[in-house]
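Take a look at the structure below.
Chain A is the first sequence line, chain B the second, and so forth, proteins listed ahead of strands; every chain is numbered from 1.
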Amino acid sequence: MDNQIQHEDVNTLIKRRLEELEELKKKNIETFEYSFDVDSYSRDIKESYQEETPKNVRAAGRIMAIRRMGKASFAHIQDKQGRIQIYLKKDDVGESYDAFKLMDIGDIIGVEGYVFKTKTGEISIHAKSLKLLTKSVRPIPIAKEVIDESGNKVIFDQFADKELRYRQRYVDLIVNPEIKDVFIKRSKIISSMRSFLDAQGYLEVETPILQPMYGGASAKPFVTHHNALNIPLYMRIADELYLKRLVVGGFDGVYEISKDFRNEGMDKTHNPEFTMIELYVAYKDYEWMMSFVEQMVAHICTKVFGSTEFEIEGKKINFNPPWDRVSMIEEIQKATGLDVLNASYDEVKDCLRKHGIEPKPGESKGKLIDELFEVTVQPKLIQPTFLIDYPVEMSPLAKKHRNKPGLVERFEGFVLGREICNAFSELNDPIDQNQRFQDQVKMREAGDEEAHQVDEDFVRALEYGMPPTAGLGMGIDRLVMLLTNQPSIRDVILFPQMKPEK
RNA sequence: GGGCACGUAGCUCAGGGGUAGAGCAUCUGCCUUUUAAGCAGAGGGUCGGUGGUUCGAGCCCACCCGUGCUCACCA
């Protein structure tokens, strides 16, 4: 038995359970059963209960509480819908009752029996038979739940250590069922987004994660190496340049829901790998895309939450279209009095200093404007708002504004002061694109590690001709954070990145 | 990377130089409608790690590891 489980931290509780496992085997009880036919789940059982016609059910789940009273016992089992109480009487289950004495909180069992209501009014299963399906040899950090007089659920000793919850998400999901709901919502948000896009006829595609050259965003990449080709490969920081190649190829509407990877800091809104939706639609511009985003988000809200009105961080947020559309330059002017577009580099710098930010040496004017925006305007964008028309230096892949010099046709969506998407009329002039790449090279040479590389093949694709195209990128994790009111990106990613244990 | 805080039993937490604590969980006994079941008893700890200071260190000091918050970075 010593070599069965080689946990460095085998403690007396685990030893005890391993002994129980042996005792069960001696009784010829299968401790890791092969299957069990389930025909009912906890919530359905409770909702469909009728006193006059007691139903027979087969249910299975993990034991979450046991109350033994000599020759009868109560237990709660937890299944995919919630918890239900089971009642076990020695007279009814016979020898299984002795086996039940060797079962613990955490074990997974199947029961067959009829539904009844106890003296105290709890709808329960009166078991006629009981089967151990999986023996749990490691104790779960069990919390106790009780409903107080006013009907509120009170939880005692809740498993709360953030580190353990993230590292052992499987335990978190067992003992903190409300966490499960966030991830179910996340899944529904993505599937409703996908069905919305599919219904419009857009094609879901897959583009390389391993790329010989990265692009489509300003970020530091993860680098790996391909042995056979003996070349470095980068994990993608964005899908943009490949998806636009497909538009060149004649796919009029393509999207990809994918993991991107950025080799940067981690905090409440950044995980090194994160999920993005990118969408490119031919013959459309950014005006069209704004309406599209409004509709898509409203669709998701309605499908997943049944409403476009939310209360997030104590504020009422309404996602009903249309959203406000405001000019970046005008909003900065309103907030600071400075016309950043016509102001000199030094004027922008001084203005930034006035707002308590010390510009770092070598920053471009576009970068300074962006910082000024973040400090003076962004926190005020509470209701869903499109901020439109950005300085050209900040957007090397966006098309120049049709009638505002120095700007590009770009928008970002903001809610509660947070960015939820980024989109533009895509730059499809290969000569302009090549020039923008050259400008990025200068920025890189000036020390900007996140400036774009020159992607000559992408320019070549544009030379063949890309139709006018609107493009969108939206961070799924942050959208989920917003809609489920979760404070950290780690609360919406099942297995967030952590430093290795030990 | 900087600052602040935290790390003690399976879980939630007390304890701040002198025998390692509580509740729940666990174990033994009693108990055939309980529900944080109850009653009686018991076991369980490298006090994150390594070095110091001290007669004596969960406790004080240094360094390290991990986590959280925050700032920086980051569309």
Q: Check whether NZ of the Lys or CZ of the Arg A/Lys244 lies under 6.0 Å from the centre of the six-membered ring of A/Tyr280 and within 45 degrees of that ring's axis.
A: no

(Q) So if I take every side-chain heavy atom of A/Asp91 and compare against B/U32, B/U33, B/C11, which nucleotide ends up nearest? (A) B/U32

Q: Answer syn or anti for B/G16, where the cut-off is 90° from 0 on the glycosidic torsion.
A: syn

(Q) Rounding to an integer number of angstrom, what distance separates B/C60 and B/U54 when you compare their C1' atoms? (A) 10 Å

Q) Where each residue is assigned the nucleotide of RNA chain B containing its nearest heavy atom, which of A/Met394 and A/Phe159 is assigned the position nearer the 5′ end? A) A/Phe159

(Q) Please classify the nucleic acid contact of A/Leu88 as base, sugar-phosphate, or nothing, using heavy-atom distances under 4.0 Å. (A) nothing

(Q) One thing to verify: whether A/Glu163 and A/Arg167 come together as a salt bridge, which I'm taking to mean a side-chain N less than 4.0 angstrom from a carboxylate O. (A) yes

Q.
Using a heavy-atom cut-off of 4.0 Å across all strands, would you classify A/Ala160 as base, sugar-phosphate, or nothing?
A. sugar-phosphate

Q.
What contact category does A/Lys89 fall into here, base, sugar-phosphate, or nothing, at under 4.0 angstrom with non-hydrogen atoms?
A. base

Q. When you measure from the side chain of A/Arg167, which nucleotide among B/G66, B/U32, B/C74 comes out closest?
A. B/G66

Q: Scan A/Ile63, A/Ile105, A/Ile174 and name whichever one has a side-chain contact (heavy atoms from CB on, under 4.5 Å) with A/Ile142.
A: A/Ile105

Q: Kindly confirm or rule out a cation-pi arrangement of A/Arg410 over A/Tyr390, judged by NZ or CZ under 6.0 Å from the six-membered ring centre and within 45° of its axis?
A: yes

Q) For the atom pair CD (A/Glu278) and CD (A/Glu256), what is the distance rounded to the nearest 0.5 Å? A) 8.0 Å

Q: Determine the Euclidean distance between corresponding P atoms of B/G18 and B/G56; express it in Å to zero decimal places.
A: 14 Å

Q | Separation of the P atoms in B/A22 and B/A36, to the nearest angstrom | A | 23 Å

Q) Hey, which of these two, A/Met266 or A/Arg16, hits RNA chain B nearer its 5' end, going by closest nucleotide? A) A/Arg16

Q: Taking only the side-chain heavy atoms of A/Met69 (C-beta and beyond), determine which of B/G44, B/U12, B/U34 contains the nearest atom.
A: B/U34

Q: Output the single nucleotide from B/C27, B/U33, B/G10 whose closest atom is nearest the side chain of A/Asp104.
A: B/C27

Q. Want to know the stems of RNA chain B: at least 3 consecutive Watson-Crick or G-U pairs with distances under 3.5 Å, which are they?
A. B:1-7 with B:65-71, B:10-13 with B:21-24, B:26-30 with B:38-42, B:48-52 with B:60-64

Q. When all nucleic acid strands are considered with a 4.0 Å heavy-atom cut-off, which category describes A/Arg410: base, sugar-phosphate, or nothing?
A. base

Q: Please determine if a side-chain N or O atom of A/Lys268 lies less than 4.0 Å away from the OP1 or OP2 oxygen of B/U70.
A: yes

Q: Just call it for A/Gln378: base, sugar-phosphate, or nothing, with non-hydrogen atoms closer than 4.0 Å on any strand.
A: nothing

Q. Does a nitrogen or oxygen in the side chain of A/Arg68 sit under 4.0 Å from OP1 or OP2 of B/C30?
A. no

Q: For the pair A/Arg236 (side chain) and A/Lys259 (backbone), establish whether a donor and an acceptor sit closer than 3.5 Å, ignoring hydrogens and angles.
A: yes

(Q) Classify A/His126 by what it touches in the nucleic acid, base, sugar-phosphate, or nothing, heavy-atom distance under 4.0 Å. (A) nothing

(Q) Does A/Glu374 reach a base, just sugar-phosphate, or nothing at all? Heavy atoms under 4.0 Å. (A) nothing

Q | Nucleotide of B/U67, B/G68, B/C73 approaching A/Asp267 most closely (side-chain heavy atoms) | A | B/C73

Q. With respect to the phosphate group of B/U67, does any side-chain polar atom (N or O) of A/Lys162 fall under 4.0 Å of OP1 or OP2?
A. no

Q: Return yes if the base of B/U34 and the side-chain atoms of A/Glu122 contain a donor-acceptor N/O pair under 3.5 Å, otherwise no.
A: no

(Q) Does A/Glu51 have more than 12 heavy atoms from other residues, nucleotides or ligands lying within 6.0 Å of its CD? (A) no

**Q.** Side-chain N or O of A/Arg67 closer than 4.0 Å to phosphate OP1/OP2 of B/U34
**A.** no

(Q) Over 60° means perpendicular and under 30° means parallel, so tell me whether A/His126 and A/Tyr114 are parallel, tilted or perpendicular. (A) parallel

